[in-house]
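Values below: every heavy atom of this structure, side chains too, minus hydrogens, waters and symmetry copies. Here is how names work: the chains are called A, B, and so on, in the same order as the sequence lines, proteins then strands, and each is numbered from 1.
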Protein chains: 2
Amino acid sequence: MFRRVAELRYFVLNNKIRLSHIELIRSQFHPFQKSEIDTSVFLLDGTVKMPRPKRQSSSSGKEPVAKKAKKDDGSGSGSEPEKIEDATSDNTFASDAVNPEGKKWNFKIVSWNVNGIRAWMQKDGLDLIKKEDPDIACIQETKCSEIKLPMGAKPKGYKSYFMSAKKEGYAGVAVYSKVEPESVKYGIGDEEHDDEGRSITLEYKHFYVVTAYVPNAGRKLVTLDKRMDWDPKFLKHLHDLDALKPVIMCGDLNVAHLEIDLANPKGNHKNAGFTKEERSGFSNLLSAGFIDSYRHLYPDKTKAYTFWTYMMNARAKNVGWRLDYFVLSEKLKSSLCDNIIRSSVMGSDHCPITLLMRMGEQ
Amino acid sequence: MFRRVAELRYFVLNNKIRLSHIELIRSQFHPFQKSEIDTSVFLLDGTVKMPRPKRQSSSSGKEPVAKKAKKDDGSGSGSEPEKIEDATSDNTFASDAVNPEGKKWNFKIVSWNVNGIRAWMQKDGLDLIKKEDPDIACIQETKCSEIKLPMGAKPKGYKSYFMSAKKEGYAGVAVYSKVEPESVKYGIGDEEHDDEGRSITLEYKHFYVVTAYVPNAGRKLVTLDKRMDWDPKFLKHLHDLDALKPVIMCGDLNVAHLEIDLANPKGNHKNAGFTKEERSGFSNLLSAGFIDSYRHLYPDKTKAYTFWTYMMNARAKNVGWRLDYFVLSEKLKSSLCDNIIRSSVMGSDHCPITLLMRMGEQ
DNA sequence: CGTATGACG
DNA sequence: CGTCGTACG
């Protein structure tokens with residue numbers, strides 16, 4: 001019925017072929033994503049058949065990559081064997097990071113602005129999170145009401161918590177947690193902001209986890225007012241929590257704090273994400289007893305960004321912004337092991353960030 | 001700076017790779033389109049570079065296809081020479097059709113519902129028209145205000161006439177004419193319909209050419225009223241013209257006249273395009289002194305369609321409708337040489353149709 | 001399924 | 001540039 005005419009790995013998005021031969025994929029995608037790419041079959045009617053009989057196989061991550069890639073549906077002619085041996089080991093996300101006392105991390109949390117959970121899942125973003133295997137994963141900009149979530153958006157092994165905006169396809173956050181929290185609070189207690197699905201607070205035995213998608217000040221700063229209304233309210237929310245238990249806050253804070261936190265500070269003082277108002281909002285957070293974990297660990301690290309506009313090939317040129325943060329109660333400083341910016345991980349205009357902590361003994 | 005990793009012909013649309021190796025292209029595309037397909041270079045940043053230094057070369061059509069395809073930008077490594085010899089000659093559109101008196105055609109007109117002129121031009125639809133080289137080309141559903149027309153939408157060698165709907169991205173027709181008409185009339189003299197950019201009338205020395213994009217009756221026939229309001233008004237327009245000079249009308253009439261004109265007549269009696277109201281509208285046209293040129297020439301021809309829904313792989317299965325017509329004044333019957341349905345020509349959910357006439361001596 | 005909008009970023 | 005929503009077909 002159909003004839004195999006090409007043996008390619010591919011990835012199409014917005015009218016562009018994003019990758020073709022496995023060599024190219026390797027140069028672009030994170031090792032764990034590479035392992036998920038399938039053999040494509042080009043049908044004579046012009047469509048492409050993706051032989052993915054089972055995508056749910058939550059393999060423990062020990063299967064050689066090349067083996068998977070060699071899979072063949074047997075209906076093609078002229079297929080060639082996979083020639084490239086993939087040397088990827090499955091320890092890509094391994095880390096021996098330790099806290100200031102030298103004890104190894106025992107708790108991992110990931111934060112990622114996914115820019116649309118549905119598009120992101122098509123790009124195997126969630127699989128990547130499964131591979132990273134965090135205790136908690138917080139995602140922002142789901143742009144999806146809970147009813148429209150695709151199959152598999154609530155992965156096994158995690159409790160899932162979604163908060164969507166009233167407006168369809170706008171904002172929205174979610175949290176995946178291996179351990180069921182003692183309580184979950186949606187929003188920050190402000191009706192206007194909470195209608196936009198911007199924050200979830202999870203209470204655990206010894207700490208809180210808060211994720212946030214902070215309002216964007218908008219082109220020409222049309223929504224700077226909304227943003228500046230958010231900042232003190234959110235700070236109060238964190239402050240109130242901090243009085244009870246230490247807080248791990250993460251998410252897309254939609255601000256680059258200092259000049260070091262974006263590629264082009266000079267040109268952006270009047271643009272959303274780098275106005276003095278937004279920057280001082282972040283400074284207020286730090287003055288109130290919190291730390292920017294990445295900058296705490298890497299005070300002088302330059303060119304460390306978590307967001308690149310899709311325009312002007314910004315990511316390839318690393319013209320980016322650090323907009324995604326882990327912000328910790330100061331008393332958690334002694335538990336901090338590492339904060340990793342996974343800038344090579346694709347799937348969104350933001351990359352994920354990972355926090356490694358030594359919990360339980362502070 | 002970049003490395004050639006694959007030597008492919010390709011075509012991406014709506015997140016699908018539409019073709020890959022030249023073999024596949026051949027099976028899908030019209031010979032003249034095939035000759036326009038370029039060598040693609042996959043860049044390491046994930047984008048695809050299309051080495052098309054000059055697209056405007058209005059070659060006389062004598063250059064061998066394989067030669068063009070062999071073009072190389074010289075910056076890649078591991079590129080392979082073009083292995084496939086393309087036997088396509090450039091007489092694809094040649095015809096020796098004659099009129100009833102045995103005289104060969106001397107006038108060609110093409111009609112095509114392009115389903116969005118911008119998308120269609122990306123698919124090299126206009127180049128195909130240039131290759132067919134008609135005296136007049138009429139296109140429907142441009143879905144584009146004149147200000148937003150892409151570069152090259154007004155090809156050299158033709159006078160261009162556009163009529164857009166007031167509503168952005170909706171309906172709209174255009175005509176390309178080698179010979180400048182004596183007069184051009186936009187619309188049919190009805191304000192409501194004319195606001196939707198549905199018809200242009202061109203007056204030539206010995207005849208009129210009218211193109212039309214007839215209102216679709218809509219899902220669940222929600223706009224059947226509008227459609228049935230159109231039919232008599234349009235017929236009057238044609239009738240008035242016919243009293244002065246013979247008329248060649250063409251376009252998407254949004255009706256399959258008889259059961260033979262669609263693949264599934266039984267299931268569509270209550271659907272837009274095959275209701276008794278719409279069908280009798282067409283019958284009225286024929287009763288008023290006009291002929292359906294295709295059915296006149298091929299009264300028993302089955303499976304001859306000009307439209308296939310994009311859904312359900314209808315085109316591959318030839319589950320289509322004949323919605324596009326040349327309708328001629330009866331006195332032009334003796335000038336009619338042929339009416340060709342170019343069902344293999346891609347670029348829209350409709351295919352183009354071609355009328356060949358022997359003009360000037362009736 | 002696919003081409004257009006427009007909002008948002 | 002890209003992900004949503006919508007209308008239209």
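- Looking at Asn113(B) and Glu141(B), their side chains do bring a donor and an acceptor atom within 3.5 Å of each other.
- Between Met311(B) atom CE and dG9(D) atom P the separation is 12 Å, expressed in whole Å.
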Identify all pairs in which a protein N or O lies below 3.5 Å from an N or O of nucleotides 5-8 of chain D, and state each distance.
unit_1, atom_1, unit_2, atom_2, d
dG5(D), OP1, Arg118(A), NH2, 3.1
dG5(D), OP1, Lys148(A), NZ, 3.4
dC8(D), OP1, Lys167(B), NZ, 2.8

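- Candidate nucleotides dG9(C), dG9(D), dG2(C) were compared by shortest atom distance to the side chain of Tyr310(B), and dG2(C) ranks first.
- Whole-Å rounding puts the Asn216(A) CG to dA7(C) P distance at 16 Å.
- At whole-Å resolution of the value, CE in Met346(A) and C1' in dT3(D) are 16 Å apart.
- Following rounding to the nearest Å, Leu221(A) (CG) and dG9(C) (C1') show an atom-to-atom distance of 13 Å.
- Between the NE2 atom of His350(A) and the P atom of dT3(D) there is a distance of 13 Å, rounded to whole Å.
- Heavy atoms of Leu323(A) sit nowhere under 4.0 angstrom from any nucleic acid atom.
- Electrostatic pairing of Glu278(B) and Arg227(B) counts as a salt bridge here, judged by a charged N lying under 4.0 Å from a carboxylate O.
- Rounded to whole Å, atom P of dA4(C) lies 10 Å from atom CD1 of Ile117(B).
- The environment of CD in Glu192(B) is sparse: at most 12 heavy-atom neighbours from other residues, nucleotides or ligands sit within 6.0 Å.
- Residues Lys233(B) and Asp229(B) are paired through a salt bridge, judged by an N-O separation under 4.0 Å between the basic side chain and the carboxylate.
- Between Trp321(A) and Phe307(A), the ring planes are perpendicular. Angles over 60° get that label, and only those under 30° would be called parallel.
- In this pair, Tyr325(A) and Phe282(A) present their aromatic rings tilted. The plane angle is within the 30 to 60° band.
- For Arg219(A) and dC1(D), the CZ to P distance is 12 Å, given to the nearest whole Å.
- If you measure from atom NZ of Lys317(A) to atom P of dC1(D), you get 11 Å, rounded to the nearest angstrom.
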